[in-house]
Amino acid sequence: MTARSGPVGVAVVGCGTISNQYLRNLTSFPDLQVLFCADLDLERAKAQAAAYGVPEAGTMAQALARPDVEIVVNLTIPAAHAEVISAALAAGKNVWTEKPLALDAETGGRLLAEAEQAGLLLGCAPDTGLGAGLQTARRLIGSGRIGVPQAALCLMQGPGPDRWHPDPAFLFQRGAGPVFDIGPYYLSWLATLFGPADRVAAVGRRSRDTRVIASGPNAGTEFAVEVFTHFSALIEYERGPVATLVLSFESPLSRHGFIEITGTEATLALPDPNRFDGELRLRTADATEWETVPATGPADGRGLGVLDLARVLRHGGSLRAPGELGLHVLETMEAIERSAAAHAFEPVRSTFGLPAALEANWDPHARTLPGAAS
Ligand SMILES: NC(=O)c1ccc[n+]([C@@H]2O[C@H](COP(=O)([O-])OP(=O)(O)OC[C@H]3O[C@@H](n4cnc5c(N)ncnc54)[C@H](O)[C@@H]3O)[C@@H](O)[C@H]2O)c1
């Protein structure tokens with residue numbers, strides 16, 4: 001909690017592809033005030049500021065020098081995450097970062113320690129767990145509808161983001177690939193439902209060492225593939241459940257957002273963990289049809305985690321998408337990659353406190369702070 005009141009000042013660092021969704025949402029929440037857009041590419045920062053009515057744009061150093069910026073929203077590429085988070089914490093700013101927290105768990109642990117020492121908050125994407133889909137699943141599982149959770153089956157497969165991203169090389173480098181880029185959605189949801197992971201076994205492969213950009217101004221450019229692009233993984237959770245995951249950029253057949261939780265009494269099909277909304281489906285052993293369960297809760301999209309962080313800053317409480325969960329997911333992803341390389345089970349040692357569920361009336365568009373901008 002801070003002594004300040006009123007809307008919380010935000011600076012966005014990294015004004016690329018995903019900044020559109022963030023800026024659209026962050027500028028619509030009355031408890032936030034987006035004050036600054038920063039990027040290495042100053043023209044890009046200026047263009048995004050102009051497009052979303054943000055008053056100023058410039059370098060990260062300029063953003064960090066502003067006393068009215070209380071949260072830095074880090075939307076840079078994974079290789080720059082640690083450097084940006086560290087600089088923002090050193091400047092006394094709270095941080096929301098896109099995933100992954102860092103390229104390796106050791107660095108992620110150091111960043112959490114820096115935040116704790118400075119008395120600052122560090123939240124980590126994904127924030128889809130604050131959306132209607134997972135919040136509804138938590139309520140349903142908590143009510144005992146599926147019995148005791150036993151297992152999960154998760155499938156994310158497609159031909160890869162080189163098909164649509166205008167600048168996709170980073171998605172095939174260390175810190176990305178299907179596990180580090182898309183894995184956080186599935187692994188965060190599983191960890192929220194099952195608790196901490198205990199150990200992991202995985203195999204991985206890659207069909208080719210280069211790919212070609214398919215869209216945008218650089219279409220036709222060849223780039224190197226540095227990571228495995230298909231993983232099959234098994235995870236054992238401390239409390240007993242197990243998960244089977246296929247995470248692949250190698251499949252002509254696209255199948256996203258398949259996540260089923262099997263309990264002793266019923267199986268629950270969740271919506272895509274890369275989304276905030278969707279419907280759930282439930283099926284017992286005797287049923288011949290799925291029962292549809294509508295998801296209720298926020299469906300606003302990326303930025304809910306930043307808003308949660310801002311409200312915790314003013315009102316107190318704990319983050320719903322904390323850095324500790326981001327670190328545990330990072331360690332789990334590292335274990336998947338290590339296991340695929342070593343052909344052996346790998347332990348996951350870090351742990352985290354289960355984020356509290358959202359109150360049923362949690363409204364991103366409510367004005368909860370005095371003098372909040374209209
Ligand atoms: N693209 C998506 O659909 C998507 C979805 C969810 C999450 N993400 C995550 O969001 C992050 C950004 O992804 P993107 O697709 O927007 O990437 P992008 O390449 O489109 O944009 C990244 C931007 O960050 C800037 N940048 C890089 N290093 C910087 C630094 N040190 N200081 C200031 N600016 C810097 C770049 O100039 C660029 O404008 C990644 O962590 C990614 O995992 C992306």
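Both backbone and side-chain heavy atoms feed into the values below; hydrogens, waters and symmetry mates do not. In listed order, ligands and their atoms are each counted from 1. Keep in mind the model is a prediction, meaning the values are calculated, not measured.
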Using distance only, find each side-chain donor-acceptor pair of residues 208-217 under 3.5 Å and give its atom names and separation, not counting sequence neighbours.
from: D209; atom 1: OD1; to: R206; atom 2: NE; distance (Å): 3.1
from: T210; atom 1: OG1; to: E222; atom 2: OE2; distance (Å): 3.1
from: R211; atom 1: NH1; to: P159; atom 2: O; distance (Å): 2.7
from: R211; atom 1: NH1; to: D162; atom 2: OD1; distance (Å): 3.2
from: R211; atom 1: NH1; to: D162; atom 2: OD2; distance (Å): 3.4
from: R211; atom 1: NH1; to: F249; atom 2: O; distance (Å): 3.4
from: R211; atom 1: NH2; to: F249; atom 2: O; distance (Å): 3.0
from: R211; atom 1: NH2; to: E250; atom 2: OE2; distance (Å): 3.4
from: S215; atom 1: OG; to: W164; atom 2: O; distance (Å): 3.1

Enumerate donor-acceptor pairs with a distance under 3.5 Å from any side-chain N or O in residues 342-357 to protein atoms, sequence neighbours excluded.
from: E346; atom 1: OE1; to: R338; atom 2: NE; distance (Å): 2.8
from: E346; atom 1: OE1; to: R338; atom 2: NH2; distance (Å): 3.3
from: S350; atom 1: OG; to: H328; atom 2: ND1; distance (Å): 3.1
from: S350; atom 1: OG; to: E331; atom 2: OE1; distance (Å): 2.7

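Applying the salt bridge (charged side-chain N to carboxylate O under 4.0 Å, His left out) definition to pairs two or more places apart or across chains, none involves residues 118-127.
Ionic pairing of E334 and R174 is not present here: no N-O contact between side-chain nitrogen and carboxylate oxygen is shorter than 4.0 angstrom.
No donor-acceptor pair under 3.5 Å is formed between the side chain of E226 and the backbone N or O of A224.
Distance CG/L64 to NZ/K93: 7.0 Å, rounded to 0.5 Å.
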Extract all N/O-N/O pairs under 3.5 Å that connect ligand 1 to the protein, and present each with both atom names and the distance rounded to 0.1 Å.
from: ligand 1; atom 1: 15 (O); to: H165; atom 2: NE2; distance (Å): 2.9
from: ligand 1; atom 1: 16 (O); to: T17; atom 2: N; distance (Å): 3.1
from: ligand 1; atom 1: 16 (O); to: I18; atom 2: N; distance (Å): 2.9
from: ligand 1; atom 1: 20 (O); to: T17; atom 2: N; distance (Å): 2.9
from: ligand 1; atom 1: 20 (O); to: T17; atom 2: OG1; distance (Å): 2.8
from: ligand 1; atom 1: 34 (N); to: L40; atom 2: N; distance (Å): 3.3
from: ligand 1; atom 1: 37 (O); to: D39; atom 2: OD1; distance (Å): 2.6
from: ligand 1; atom 1: 39 (O); to: D39; atom 2: OD1; distance (Å): 3.3
from: ligand 1; atom 1: 39 (O); to: D39; atom 2: OD2; distance (Å): 2.6
from: ligand 1; atom 1: 39 (O); to: R44; atom 2: NH1; distance (Å): 2.6
from: ligand 1; atom 1: 41 (O); to: T76; atom 2: O; distance (Å): 3.3
from: ligand 1; atom 1: 41 (O); to: H81; atom 2: NE2; distance (Å): 3.0
from: ligand 1; atom 1: 41 (O); to: K99; atom 2: O; distance (Å): 3.0
from: ligand 1; atom 1: 43 (O); to: K99; atom 2: O; distance (Å): 3.3
from: ligand 1; atom 1: 43 (O); to: K99; atom 2: NZ; distance (Å): 3.0

